[in-house]
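To keep things clear, I will list the structure first and then write my remarks on it.
The model shown is predicted, which means the values in this text are computed figures rather than measured ones. The sequence lines fix the lettering, A, B, ..., with proteins before strands; numbering per chain opens at 1. Every heavy atom of this structure was used, including side-chain atoms; hydrogens, water molecules and symmetry mates were not.
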Amino acid sequence: MTAERSIAQSIESSIREDQAHEAAENSKFGFIVFLLSESVIFLSFFVGYSVFKTNNADWYPPGVDHLETREPLINTIVLVSSSFVIYVAERYLHDKKLWGFRVFLLATMAMGGYFLFGQAVEWSNLSFGFTSGVFGGLFYLLTGFHGLHVLTGILLQVVMLGRSFIPGNYDSGSFGVEATSLFWHFVDVIWIILYVLIYVWQ
Amino acid sequence: MTNAPVEAIDVARRQPYPGAPDNWKRFFSFSTDHKVIGIQYIVTAYIFFLIGGLLSMVMRGELITPEADVVDRTVYNALFTMHGSIMLFMWTFPVLVGLGNYLVPLMIGARDMAFPRLNAVSFWMIPIVGILMIASFFVPGGPSQSGWWAYPPVSLQNPTGNLINGQVLWILAVAISGVSSILGGVNFVTTIVRMRAPGMTWFRTPAFVWSVLAAQLIQLYGLPALTAGAVMLLFDLTVGTSFFAPERGGNPVLYQHFFWFYSHPAVYVMVLPVFGAFSEILPVYARKPLFGYRVVAVSSLLITFISGLVWVHHMYASGTPGWMRILFMFTTLLVAVPTGVKVFAWVATIWGGKLRLTTAMLFALTGITNFVFAGITGVMLGSVPIDIHVNNTYFIVAHFHYVIYGTIVFGIYAALYHWFPKMTGRMYYEGLGKLHFALTFIGTTLCFFPMHFSGLMGMPRRVASYDPEFAFWNVLASLGGFLLGISVLPFILNVVSSWIQGEKAPNNPWRAIGLEWFTTSPPPVENFEEIPVVISPPYQYGKNQPLIENQSEIVPADGVTT
Amino acid sequence: MKLRPILAISAFVAFLSIASFWTAKQAYSWFPPQASAESKLYDELFSILTGIGTFILLGISLVVLYAMLFQRAGKYDFTDGPHIEGNTTIEILWTATPLFLVLWIATYSYQIYDAMAIRGPMELVHLHNPVEMQAAYAVPLDEVKPQLPTENIDVTAKQWAWIFRYPDRNVTSTELHLPVDHRIHLSLHSEDVLHGFYVPAFRLKQDVIPAKTIDFEFTPIQTGKYRLRDSVYSGTYFASNQADVVVESQEDYDRWLAMAANQTPSEAYNPAAEEHQRIARRNVVRGWKTVEPAPPPVVNFAPKHEPTSSPT
Ligand code: HEA
Ligand code: HEA
Ligand code: CUA
Ligand SMILES: [Cu+2]
């Protein structure tokens, strides 16, 4: 009797695990689908930007003839490298080394924070605003919308960091971390295109 | 795909069926059961159908005479704007999502959608959208009056100067509905790709599921473009950017591209599930397999693909250069090919069958002939020179009501009748159903057929007043419109009374082949006692072959599950 | 043996063909008069498409109707129909035929469009490359009277009025006068929102886009008075934004231009402004706040009444 029950219980728990695994796989698939869809918003903005730029005669607002690229370039390098840092963090988690994970995740957050800070400094030094013609609008729309994504990424990382202090949280899988990392790579790739469009193509 | 049954959990899971005494409350709660959510969607959407229809009744009242006399012009303009917006965003999309929600997990043998909680969140955004739409009638300046396209610069003209105005509320509503649809899209695609029952390969998946997949993929690639356009429009309207404001260097035509890049494919988001419903319903009442099932299934995806390449046919007469007009004419006309494949397949399905003309079958068959008519006027519109004359006339209004009402609403009615016993556990009254059908068919023809002629004569759409030469056709259309208004009464009567006290439905009243019919009516909370294992393609009518493993034990010959 | 189905199908196709031919002929009567060269091309194309469409629609509907009437299951017949899953030959046939048909329709439509040579806007993205669309417009339609010069007219649309300017004579008018059998070249402008230049009797329309000039060409071939309608929804008084188009002989046209040039500009009748004031005078508020109509245009030739063109 007890033997039967314990067998039943172990079957049940293994099924539960199966289902949890299944659910995580579904979540991952769904998240990728979502990111693909999200990238179309950026794509639309980029196409819009290109159409405007090729179409409008006076592109920059009066008094502006080009954009400073040096600080944004440093910013770019920081953000892009952080993609590698979060990858390292993920490896540590995979090897169940929680402290390594936490350290590198913190580093990623710091780099993302630096990027946002740099962006804020750049914005405050610009001579044109959101309503300064089509270019002004697009510049703030694109960088702002991307910045929101960076912020979201950092918040996700904060949550993942917090969760790492719950004992055993990542034992049965780490979908949340994978998603956060995927999102971060996504935000990076978007930035590269954005940088090329706005800063390189002047 | 291991939806393994767990006896121990199962007992706790088995809750009372909908219909049990205290059970209606579930429909007003944050339920995560896809069947509850499906019905929530359908009922909510139908209420908005009545509201949208009521607005069109006032419009038809205005249009029965040439002068602008029944309502003020601003009111008329608000009416058609809100009629179009409510009908599309609050009726057609939600009701089809509801049907998909109800049917897809059952048809693929899953216990629920992939993300039940997300599903509920998507649904509960819909009432919010509705409240925003309705609220806009009560803000100063009234609701949006720029048509459902919200083309700038008209949509940027803000006569009241208020920050909160009808147009802003409209954009917010559309944006929220977009978020809800994207989340829904993610949910559907994940569910369909990953949760089909063991043995259900792609070519054993019902055509309805294929068509839902095809439709939801459109949502995923199209909606973000509309969102981008809407965000820019909102900034133009509220903070004074100039993306689409021509006097400040903006480009209003670009908005049209953003809008139609989504809103053209959106018409296929609406029609594809209906195609799917036709493909399910015809074999059942003709007792024959779906003719050319694989091609029908794949053509849905083909339509998804082509429909992303044709949006400029709504802008032939706009700021569109000649080469673009011609290019998009070719892509547009190509859509007729995969669509035609479906139509011919349906006809071949019923041909030589043993037809039973139930209400569902009548709606499905006339829906198809209405669609062929609408498709043919669509092909005419796709031809650039033809469109240049009839663009923005009542010919367009006729074309799209023939698809949207004659096909989609007919298809939705067909689906609702067909699956009504499954959803409610009750049979509907055939007589009332037939009456509903007759009124709807006559009303549709009388209302929308004459519009072709006023359109060809040159009557523009979106006018509160028109020249007397168009009066004859408009009187006919208005009478047809009022008849359509009346036609909903037998339907509502039928649904309400049979849901409350109709005859109890057996599990498989139509002797259909399909997983959803192999469970109880209505299905238990987790759909199946045991996840079925699929062993053959769908629609094996006329061939004594079971669809699932151990079918004869699970589903006894009389169709009642033990 | 096999003769019966063949005969039946032939009879069916013959019936469809006759019915389609008849409907195609009917199609000509659905339109306003053919007042432009383009309208002749248009009506012919429409008639052909109507014929094809009737054939397809009637063919499918009759088959469905036949099945509904004669292929019903008996009341107590619960057996299934024959198990037919498909037929590759037929499926290829009904994929290929529509494919060729629509390609043919598209090609033929392209030729018609080309022959109309209505110009229209240039590309949205101005790439500054020399490969312009001009080549496509090489075949002017007015080969009938190629000796007559093209007439240039500026058209301005606003909320809610149409103003026509004849730059050579410096005449402005709220009624569009056109010399018959001339190629007409319009430059379309808008002062505020999108409008649409649409004359049903010409079967032509072109959206008018603010901050952009759009060229538009056609050839009127029949004298008479026709109606010009705004075709792109432009706000509250959109429906009343109409004007008369007068197509007249060269002599009448010249006489009219000379007469108009001698008139001092005065205020034209403007339905939108008129109606707006009427509403303002009433103290019952029925509608919502609207964009104010522009003041009535002040032009040389200023009719003091609504458009009067006779019903189609
Ligand atoms: C909801 C569904 C829906 C569907 C399915 C369609 C289907 C089609 N539509 Fe329609 N359409 C609308 C909804 C829909 N439309 C709406 C809402 C608008 C107006 C929006 C607005 O302005 O407010 C519109 C407007 C619209 C326009 C713009 C007109 C204008 O504003 O000037 C055009 C132009 O090309 C067009 C074309 C087509 C075509 C070619 C199809 C094709 O998909 C049809 C294909 C089907 C068939 C052809 C029939 C079956 C095929 C056969 C039997 C094979 C043999 C046939 C041939 C070889 C011809 N539609
Ligand atoms: C799913 C979409 C859908 C549906 C179902 C309908 C249904 C109907 N529509 Fe349409 N319509 C559109 C989508 C739709 N429409 C769109 C997108 C536009 C374009 C808008 C634009 O230009 O921006 C449009 C525009 C449009 C116009 C053109 C307006 C203009 O350009 O000026 C007209 C004119 O006749 C019209 C009429 C009708 C009629 C008579 C019905 C009838 O079928 C409706 C029948 C009515 C009912 C079934 C409900 C009856 C309800 C009651 C009797 C009251 C019950 C009361 C309560 C419970 C409170 N519609
Ligand atoms: Cu177009 Cu130069
Ligand atoms: Cu379209």
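With 3.5 Å as the limit, one finds no donor-acceptor pair spanning the side chains of C/His189 and C/Glu191.
Proximity to chain B (any heavy atom under 4.5 Å) is shown, for C/Asn87, by both the backbone and the side chain. With a threshold of 4.5 angstrom between heavy atoms, B/Ala68 does not approach chain C through any atom at all. With a threshold of 4.5 angstrom between heavy atoms, C/Val232 approaches chain B through its backbone and through its side chain. When heavy atoms are compared at a cutoff of 4.5 Å, C/Phe70 does not approach chain B at all. Interface remark: C/Arg203 contributes backbone and side-chain atoms alike to the contact with chain B (heavy atom separation under 4.5 Å).
Ring geometry for B/Phe80 against C/Tyr233 counts as perpendicular: the plane angle is over 60°, on a 0 to 90° scale with 30° as the lower cut.
For the pair B/Arg462 and B/Trp149, the cation sits on the ring face: its NZ or CZ lies under 6.0 Å from the ring centre, inside 45° of the axis.
Side-chain rings of B/His389 and C/Phe46 stay apart, their centers remaining 6.0 Å or farther from each other.
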Next item on the list: Decide yes or no on side chain to side chain contact (heavy atoms under 4.5 Å, CB included) for B/Tyr466 and B/Leu63, but give the supporting numbers first.
Entry: CA-CA 8 Å; B/Tyr466 53 85; B/Leu63 293 175; 4.0 Å; yes
Notebook entry, point to check: How far apart are the C-alpha atoms of B/Gln256 and B/His314, what are their side-chain angles, what is the distance that settles it, and do they pass the side chain to side chain contact (heavy atoms under 4.5 Å, CB included) test?
Noted result: CA-CA 9 Å; B/Gln256 303 179 5; B/His314 294 271; over 6 Å; no
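Your options are B/Asn391, B/Thr393, B/Leu365, and the one with the most heavy-atom pairs under 4.5 Å with chain C is B/Asn391. Per-residue heavy-atom pair counts under 4.5 Å with chain B were compared for C/Val63, C/Leu99, C/Ile84, and the maximum is reached by C/Ile84. Heavy-atom pairs under 4.5 Å with chain B were tallied for C/Pro82, C/Ser61, C/Ala67; the largest tally goes to C/Pro82.
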